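First the structure, in the form of structure tokens, and then the observations on it.
Computed from a predicted model, the values in this text were never measured in an experiment. Residue numbers count from 1 along this sequence.
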Amino acid sequence: MNHVNTPPRLFAIIPAAGKSRRMGTHKLLLSLGKETVIQRLVRELNNSFVTKTVIVARKDDHLLEEHVSGMDIQLIQPETDPPDMKASVLVALEWINTHSQPSEEDSWLLIPADHPLLSRALLASLYDAWGNSNSSCMIPTFQGQKGHPAFFRWPVSKEILQLNEDEGINALWKKQKFQPVLLECNHPEILIDLDTPADYEYVKQHYSKEHGT
């Protein structure tokens, strides 16, 4: 449990149990500059305000397991592969609850593993906005479109446990459990993910312009 005067903790959850079918290869191990997609995301999450980064992957994903072995993260590969993002999130929440005993003041962010262009500065800006919010959930938007990462107070994890198996996390606001705060920001990177080879080409071009390579 948190002690008196200890700042609230923030845990980062990265669902990474997909099979990259549309990409045709392991998209998290694709190169982006001198790093891979997953290396860049983990590095950008390596902020002082992130207490622990938890990645949930498939049991048989030995390539990813080997690739992240030296990173400061917690990799979880459950016996049964998570069928969707919510299932991966539940695995991570259970691990955090068991090993860190979060308080109601703590929170967590959700960021899919295939969002490679988020910067440390952008994440810090979103964290500052989250710290000034009293909402149970905050979702960044760009031109009205919802993106990632989404931020949640720890008590929301209990609400997710009560959802039906076929319901996603967004069922929480569809059921009027609460309404997330939508934070409009001037950063299209919150929308950019990797699903197809065309996505990868776009991301590489965006990265090259950003870094002058």
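Of all non-hydrogen atoms in Ala113 and Val37, the two that sit nearest each other are O-CG1, 3.8 Å. Taking each heavy atom of Val56 and Ser88 in turn, the nearest pair found is CG2-O, 3.5 Å. Contact detail for Ile76 and Ala92: the closest heavy-atom pair is CD1-CA, 4.3 Å. The two residues Phe142 and Cys185 make their nearest non-hydrogen contact at CD1-O, 3.3 Å. The two residues Thr141 and Lys146 come nearest to each other via the heavy atoms CG2-CA, 4.0 Å. Shown here for Ser119 and Glu44, the closest heavy-atom pair between the two residues is C-OE1, 3.4 Å.
Following chains of ILVMFWY side-chain contacts shorter than 4.5 Å, one can reach Leu45 starting from Leu29, so the two form part of one hydrophobic cluster. In this structure, Ile160 is a member of the same hydrophobic cluster as Ile96, with clusters built from ILVMFWY side-chain heavy atoms closer than 4.5 Å. By the criterion of side-chain heavy atoms lying less than 4.5 angstrom apart, applied directly or through intervening Ile, Leu, Val, Met, Phe, Trp or Tyr residues, Leu10 is grouped together with Val181 in one hydrophobic cluster. By the criterion of side-chain heavy atoms lying less than 4.5 angstrom apart, applied directly or through intervening Ile, Leu, Val, Met, Phe, Trp or Tyr residues, Tyr202 is grouped together with Leu32 in one hydrophobic cluster. Taking hydrophobic clusters as Ile, Leu, Val, Met, Phe, Trp and Tyr residues chained together by side-chain heavy-atom distances below 4.5 Å, Leu172 does not share a cluster with Leu183.
Atom CD1 of residue Ile14 and atom CD of residue Gln74 lie 12.0 Å apart, to the nearest 0.5 angstrom. Atom CG of Leu163 and atom CD1 of Ile169 lie 8.0 Å apart (nearest 0.5 Å). Remark: His148 NE2 to Leu109 CG distance equals 10.0 Å, nearest 0.5 Å. Rounding to the nearest 0.5 Å gives a distance of 13.5 Å between CG of Asp61 and NZ of Lys59. For the atom pair CZ (Arg9) and CG (Asp106), the distance works out to 4.5 Å, reported to the nearest 0.5 Å. Residue Met23 holds its CE atom at 5.5 Å from CG of Leu30, rounded to the nearest 0.5 Å.
Within the structure, the salt bridge (charged side-chain N to carboxylate O under 4.0 Å, His left out) test picks out no pair touching residues 85-95 (sequence neighbours left out). Screening residues 23-38 for salt bridge (charged side-chain N to carboxylate O under 4.0 Å, His left out) gives Lys27-Asp114, Lys27-Asp195, Glu35-Arg43 as the qualifying pairs, with residues at least two apart or on separate chains. Pairs passing the ring pair (Phe, Tyr, Trp, His ring centres under 6.0 Å) check and including a residue from residues 21-78, sequence neighbours excluded, read Phe49-Tyr127.
Annotation: ring-ring contact (aromatic ring centres under 6.0 Å, His included) contacts of Phe11 (sequence neighbours excluded): none. The side-chain hydrogen bond (donor to acceptor under 3.5 Å, both in side chains) search around Ser133 returns none, not counting sequence neighbours. With sequence neighbours excluded, the residues satisfying side-chain contact (heavy atoms from CB on, under 4.5 Å) with Ala57 are Leu64, Leu75, Gln77. Scored by the side-chain hydrogen bond (donor to acceptor under 3.5 Å, both in side chains) test, Thr196 finds Asp199 as partners (sequence neighbours excluded). Residues satisfying the side-chain contact (heavy atoms from CB on, under 4.5 Å) test with Asp72, not counting sequence neighbours, are Lys52. For Lys158, the side-chain contact (heavy atoms from CB on, under 4.5 Å) criterion is met by Glu104, not counting sequence neighbours. Remark: Asn170 engages Trp173, Lys174 in a side-chain contact (heavy atoms from CB on, under 4.5 Å) (not counting sequence neighbours). Residues passing the side-chain hydrogen bond (donor to acceptor under 3.5 Å, both in side chains) test with Trp95 are His99, sequence neighbours excluded. Under the side-chain hydrogen bond (donor to acceptor under 3.5 Å, both in side chains) criterion, Gln143 pairs with no residue, sequence neighbours left out.
Between Val42 and Ile55 the shortest side-chain heavy-atom distance falls below 4.5 Å. A heavy-atom distance below 4.5 Å is found between the side chains of Val203 and Pro116. Val54 is not listed as a side-chain neighbour of Trp108, based on a closest heavy-atom distance of 4.5 Å or more. Within the 4.5 Å cutoff, the side chain of Val89 has heavy atoms near those of the Leu110 side chain. Using a 4.5 Å heavy-atom cutoff, the side chains of Ser107 and Trp154 are not in contact. For the pair Asn97/Ser157, no side-chain contact is recorded, criterion being any heavy-atom separation below 4.5 Å from C-beta on. Side-chain contact check for Pro112 versus Asp193: every heavy-atom pair is 4.5 Å or farther apart. By the 4.5 Å heavy-atom criterion applied to side chains, Val156 and Cys137 are not counted as neighbours.
The only member of Leu123, Leu41, Ile13, Thr53 that meets side chain to side chain contact (heavy atoms under 4.5 Å, CB included) when paired with Ile111 is Leu41.
Listed for the Ser135 side chain is no donor-acceptor partner under 3.5 Å among the backbone atoms of Met138. Proximity of a side-chain donor or acceptor of Arg58 to a complementary backbone N or O of Gly18 within less than 3.5 Å is detected. Counting only distance, with no hydrogens or angles, the side chain of Gln179 and the backbone of Gln176 share no donor-acceptor pair below 3.5 Å.
Heavy atoms from other residues, nucleotides or ligands lying under 6.0 Å from CZ of Arg120 number more than 12. Crowding of Glu201 atom CD: a count of heavy atoms from other residues, nucleotides or ligands under 6.0 Å exceeding 12.
Between Lys175 and Glu167 there is a salt bridge, since at least one side-chain N of the basic residue sits less than 4.0 Å from a carboxylate O of the acidic one.
Taking the ring centre of Tyr200 as origin, the terminal cationic atom of Lys204 falls inside the region bounded by 6.0 Å and 45° from the ring axis. Judged by the 6.0 Å distance and 45° axis criteria, Arg153 is positioned over the aromatic ring of Trp130.
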